[in-house]
Amino acid sequence: MSTGIETQSDAETGEAELEALIGDRALARDEHLNAPGFVVNPDDVQDVLFDLRDEAGYDHCSCVTAQQYEDRFETIYHLKKYADPTDEVSIVVPTPLSDPVSKSAEPVYRTADWHEREAYDLVGIGYEGHPDLRRILLPETWQGHPLSADYDQEKPQVVTLTEHANPLESDHRDPESDTMFLNVGPHHPATHGVLHVKTVLDGETIADLEPDIGYLHRCEEQMCQQGTYRHQIMPYPDRWDYVSSGLLNEWAYARAIEDLADIDVPEYAQIVRTLGAELCRIASHMLALGTFALDVYGEFTATFMYTFRDRELVQDILEDLTGQRMMFNYFRVGGVAWDLPEPREDFFEQTRDFLDELPAKVAEYNDLITTNEIFQTRCIDTGVLEPDVAKDYGCTGPVARGSGVDYDLRRDDPYGYYENLEWDVVTRDGCDNYARVLCRMEEVEESAKIVEQCLDLLEDWPEDDREVQANVPRTLKPDADTETYRAVEAAKGELGIYMRSDGTDKPARFKIRSPCFSNLQALGEMSEGEYIPDLIASLGSLDIVLGEVDR
Amino acid sequence: MSSDEPRQTIHGSTAPSTDTREARMGEGVDDRFNSKLREAFGTSPFILTKFDQFMNWVRGNSMFMLQFGIACCSIEMIHTYAIKHDVDRYGAGVPRASPRQADVMIVPGTIVSKFGPRMKRVYDQMPEPKFVVGMGSCTISGGPFQEGYNVVKGAEEIIPIDIHVPGCPPRPEALIYGILKLQERIQNGESSPVVVKPYELEEFGDLPEDELVQKLASEIDEDDLVMRYNWADSP
């Protein structure tokens with residue numbers, strides 16, 4: 001472990017190196033709370049990003065934020081290192097209002113493809129050299145860019161319902177072979193929501209695949225920009241990743257605002273947060289496991305019902321703690337809403353009962369699923385995602401860890417109480433569907449360990465020192481023009497939030513970096529050239545939640 | 001011994017053995033065969049009812065639900081189907097993946113502009129008679145996302161809804177209550193209310209000509225199905 005002083009000097013030398021690397025391509029400096037920012041000319045972006053990736057080792061393009069100021073558009077590339085996510089840099093690209101076009105980052109980072117399409121769709125910035133700059137979340141016939149300044153929400157819109165054409169048909173000059181176009185979704189039991197996958201089949205093999213998203217684009221960013229920091233934003237994160245991982249999402253917002261407004265959270269509250277968050281992770285992974293078993297060998301009975309039985313137990317505990325089964329709204333800026341439920345003994349007993357039974361249950365799942373021959377045939381060596389490809393697509397969470405990328409923000413960029421607890425990051429080298437499922441199952445056990453330690457700590461905590469909330473002003477107004485990008489390890493991976501304050505009590509820009517959005521982008525890479533049933537397995541093992549993909 | 005030979009080994013009576021039954025019945029007249037029902041209907045072993053009423057009773061007690069996951073509420077909907085709450089107890093627990101096999105559609109979540117036409121299409125594919133349960137605040141008014149630029153202000157803008165279940169999301173118990181209420185209505189032969197549906201699927205060529213339609217004329221064919229959202233008129 002390094003001490004704080006060393007880290008500081010590390011950061012300074014790092015910054016000097018970056019300055020030297022970017023040189024006079026940097027027009028100015030921009031201070032973000034999380035990272036040094038460099039303002040770069042729209043034409044130089046690609047070169048700068050190439051240099052940062054190849055020479056400085058910034059191999060993780062975490063997020064691309066687009067926003068409009070009064071006098072300019074701005075794109076921010078939030079870069080990190082997979083080896084050390086605390087080593088961050090932001091590349092800020094201003095473009096004029098009259099001609100908002102900058103060079104695309106897609107040739108550098110594959111993941112920038114969808115991020116830039118989203119920026120084009122919602123804010124209206126163009127990217128030169130982007131392979132396929134179309135709308136991604138809104139229908140293609142939409143008029144205007146909703147997060148730009150002059151958008152009128154009252155104007156009517158027309159949305160089509162058309163049969164989709166086969167994109168490969170025109171390429172087929174050989175009349176012998178022909179392809180078939182198949183729509184999967186948006187209403188389909190295996191897509192876990194309203195995902196639409198356009199596939200082109202050559203026999204049973206997938207020749208081409210394109211996920212079409214936006215069927216659940218609920219304007220989460222707009223909602224958050226309309227709410228005040230103190231209370232009105234917190235309910236929304238619950239609804240991003242709605243598979244009971246509400247507390248993990250709330251933590252993303254809590255961490256960002258606490259960074260932006262410089263608030264310290266009491267230690268006791270951090271332990272309660274950690275406890276709740278890990279219970280959420282267990283519930284979320286249980287659902288992933290149950291629906292995956294349902295997807296790959298149609299098992300609606302045993303495995304599915306067992307996982308839901310366990311989810312019910314977790315939800316009961318969470319309901320006691322927070323008052324709601326799914327949409328908890330339990331975190332507050334600077335702490336949590338209230339202390340553990342009284343009588344505390346009952347709560348501890350109930351939670352411990354659940355933890356005591358868990359190992360036997362996990363063993364049962366292993367009997368039912370992972371040692372099952374049919375299951376193994378469906379999962380081993382299907383949906384292969386190589387580590388380099390995973391990094392290129394910005395994959396995080398169990399998807400990256402199943403490909404051997406050792407990246408977990410709970411350990412690498414510590415927050416909450418994780419540093420002080422004994423637990424391990426689970427990684428697997430299989431790179432296939434099987435590895436991802438095993439990874440989730442082992443994470444359930446690790447989460448149980450964390451919960452157990454939190455319970456021990458809470459039980460012994462002195463009664464007069466149970467401070468659940470810091471003293472936070474009734475109206476929060478962070479200083480104007482402070483910007484931050486903060487991420488936490490949610491159930492599906494790195495969930496980041498970029499916020500810019502303009503001195504009022506509402507954020508001027510609120511951008512959500514969703515792990516599923518990046519993970520889903522890798523689906524084509526995993527499935528093209530494979531059989532169509534493997535597409536369903538891959539989709540299940542990515543464990544996407546459309547509420548988070550579309551936001 | 002082959003079976004076509006006469007069975008010499010059986011002796012005694014061939015009358016049915018009634019020992020057990022008699023032992024159970026005890027003394028006196030057996031009122032199982034003289035039930036209340038028989039009393040009510042007299043000697044006739046028939047129950048007379050209207051065929052319509054009978055069909056409604058059948059429909060209410062055997063509802064095939066559409067497996068239709070949209071958003072957060074769908075997770076609670078799965079919990080309603082799964083262990084512990086088990087809506088199958090009420091004869092409504094067989095989720096069908098195809099709308100062509102389903103009677104009841106639970107709309108579990110926010111409807112956004114891109115999904116509206118698809119939901120309408122799925123609803124149209126269900127055979128008559130069909131019923132809809134709107135689950136959660138989003139299907140009532142758009143819920144927490146009502147102010148969103150992309151959110152349809154309630155599923156009733158697009159399809160008729162029989163039962164609204166409020167909540168964000170409603171608990172499984174609430175959904176079960178909603179389903180039971182729907183069963184009651186079906187059994188009583190009450191049909192869906194006729195509602196104003198502002199958003200219809202129609203051919204692009206049939207839209208009234210205005211600035212927006214002129215602008216899109218080059219992108220959309222005359223006979224493509226479209227849905228026009230007049231956001232300014234939404235509640």
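Note that these values count all heavy atoms, side chains included, but never hydrogens, waters or copies made by symmetry. Chain identifiers are assigned alphabetically (A, B, ...) following the order of the sequence lines, protein sequences preceding nucleic acid strands; residue numbering begins at 1 within each chain. Here the structure is a predicted model, which means the values were calculated and not measured.
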Side chains of B:Ser113 and A:Trp142: closer than 4.5 Å at any heavy-atom pair? yes

Are B:Ile75 and A:Leu287 packed together at the side-chain level, in the sense that at least one heavy-atom pair is separated by less than 4.5 angstrom? yes

Tell me the closest heavy-atom pair linking B:Gly148 and A:Met223, and the distance in Å. N-CE, 3.3 Å

Between B:Pro144 and A:Arg239, is there a side-chain heavy-atom distance shorter than 4.5 Å? yes

What part of A:Glu319 gets closer than 4.5 Å to chain B, counting heavy atoms only: side chain, backbone, both or neither? side chain

Once you round to the nearest 0.5 Å, how far does CG of B:Asn150 lie from CG of A:Leu138? 5.0 Å

Only one of B:Tyr149, B:Phe145, B:Phe115 passes ring-ring contact (aromatic ring centres under 6.0 Å, His included) with A:His217; say which it is. B:Tyr149

Note, B:Pro172 side chain near A:Arg325 side chain (heavy atom, < 4.5 Å): yes

Rounded to the nearest 0.5 Å, how far apart are SG of B:Cys138 and CZ of A:Arg218? 6.0 Å

Counting heavy-atom pairs under 4.5 Å with chain A, which one of B:Leu216, B:Leu201, B:Asp224, B:Asp221 comes out on top? B:Leu216

Pairing donors with acceptors under 3.5 angstrom, does anything connect the side chains of B:Gln67 and A:His187? no

Write down the atom of A:Val159, the atom of B:Pro117, and the distance for their closest heavy-atom approach. CG1-CG, 4.0 Å

Could you point out which residue of A:Glu312, A:Gln315, A:Met305, A:Arg311 forms a side-chain contact (heavy atoms from CB on, under 4.5 Å) with B:Lys84? A:Glu312

To the nearest 0.5 angstrom, please state how far the CD1 atom of B:Ile83 sits from the CZ atom of A:Phe304. 10.5 Å

Just verifying a value: how many Å separate B:Cys72 SG and A:Asp238 CG, rounded to the nearest 0.5 Å? 9.0 Å

Measure distances from B:Leu212 to the heavy atoms of chain A and classify the residue's part below 4.5 Å as side chain, backbone, both or neither. side chain

Of the backbone (N, CA, C, O) and the side chain (C-beta and beyond), which part of A:Tyr306 lies under 4.5 Å from a heavy atom of chain B, both, or neither? neither

Which one, B:Asn230, B:Ile111, B:Thr110, leads in non-hydrogen pairs under 4.5 Å with chain A? B:Thr110

Nearest-0.5 Å distance, CE of residue B:Met227 to CG of residue A:Leu161: 8.0 Å

So CG of A:Leu546 and CD1 of B:Ile70: to nearest 0.5 Å the spacing works out to 11.0 Å

Just so I understand: if I count every heavy-atom pair under 4.5 Å between each of A:Arg309, A:Glu140, A:Gln143 and chain B, which residue has the most? A:Gln143

A:Leu122 portion near chain B, given a 4.5 angstrom heavy-atom threshold: side chain

Please determine if B:Glu211 and A:Lys155 form a salt bridge, counting it only when a charged side-chain N lies under 4.0 Å from a carboxylate O. no

Could you have a look at B:Gly69, B:Ala71, B:Cys73 and say which one has the most heavy-atom pairs with chain A under 4.5 angstrom? B:Ala71

Per-residue contact mode, B:Cys168 against chain A (heavy atom under 4.5 angstrom): both

Using a strict threshold of under 4.0 Å (side-chain N to carboxylate O), is an ion pair present between B:Lys114 and A:Asp550? no

Using a 3.5 Å distance criterion without hydrogens, assess whether the side chain of A:Gln153 forms a donor-acceptor pair with backbone atoms of B:Glu147. yes

